[in-house]
Amino acid sequence: LQGMLELFQIPFVGCKSLSSNLGMDKIISKIIFEHAKIPVLPYVSIDFQNYMIEDIIYQLDFPMIVKPANGGSSIGIAKVDTVKQLNDAIILASQYDRYILIEPFRKMQELECAILENNGLITSTIGEINSNNEFYDYEAKYISSAPQTEIPANIPEEIQKQIQKLAKKAFTAIRGNGLARVDFFYDSNTKELFLNEINTIPGFTTISMYPKMLAFDGISYSNLLTTIIENAIN
């Protein structure tokens, strides 16, 4: 859609087609983040049409999480503990993309940072996901009525500053503009921080983290919409 709008020179909100493509592909974006010296979890990427399950098990220990390389809203994602579950999860993910990302599953804090372009890059206070499910899946994001988020996140101040710095670095690495939400994992036991992914079209529902984090910092929903629209047409 972004490419079509660019072709017809129609202004639109958010990142251009290049950065949107880079951010959407979880494998390509990880390669870019590694090149930019941004910490990411160990991972294996496979082509569904040509892979060996033994290669995955050799490189990663169970439990693992399996994701289609392109997608959103946690659709097609599964956590696995056995070889059979891994096989089933790969088949599930292949329904959404030929290319599949596999990572170790670790219990860590899930943290998010909003980026807004407004006379420079603004980074929000960090928010935390507190899903009752095993991971922040589709049900937790869109169906469950239980509280899922906490702003500000329960993290040390130096970790918040590090996240804000890395979020800007990731946004710049994919040549982002306008807005994005950058997601991280933080292991409070080992003090390790990992960039999970960047979302160039973050959720905008009433319970979505992107507008909630910026509202916490004093940018109302209406002012946020005004800002991103003005950025697009100016």
- Looking at E157 and K161, does any basic side-chain N land under 4.0 Å from a carboxylate oxygen? yes

- Rounded to the nearest 0.5 Å, what separation is found between the OG1 atom of T149 and the CD atom of E112? 9.0 Å

- Item | Under 3.5 Å: donor-acceptor pair, side chain of S124, backbone of A114 | yes

- Euclidean distance, F184 CZ relative to Q160 CD, rounded to 0.5 Å: 11.5 Å

- Query: Side chains of N231 and L179: does their closest heavy-atom pair fall under 4.5 Å?
  - Reply: no

- Do N130 and E150 meet the criterion of a side-chain donor-acceptor pair at a distance under 3.5 Å? yes

- State whether a side-chain donor-acceptor pair under 3.5 Å links S208 with T205. yes

- Message: One thing to verify: whether K26 and E103 come together as a salt bridge, which I'm taking to mean a side-chain N less than 4.0 angstrom from a carboxylate O.
- Response: no

- How long is the span from the CG atom in L166 to the OG1 atom in T123, to the nearest 0.5 Å? 11.0 Å

- Residues at least two apart in sequence or cross-chain that pass ring-ring contact (aromatic ring centres under 6.0 Å, His included) with Y186, listed by chain then number, are none

- Salt bridge R106-E192, side-chain N to carboxylate O under 4.0 Å: yes

- Note, C113 side chain near M213 side chain (heavy atom, < 4.5 Å): no

- Item | Side chain to side chain, N70 and Y99, heavy atoms closer than 4.5 Å | no

- Message: Angle between ring planes, Y210 versus F204, binned at 30° and 60°: parallel, tilted or perpendicular?
- Response: tilted

- Query: In Å, rounded to the nearest 0.5 Å, how long is the span from CD1 of I198 to CE of M24?
  - Reply: 12.0 Å

- Query: Quick one: CG on D97 to CD1 on I27, what's the gap to the nearest 0.5 Å?
  - Reply: 7.0 Å

- Message: Return the OG to CG distance between S29 and N21, rounded to the nearest 0.5 Å.
- Response: 11.5 Å

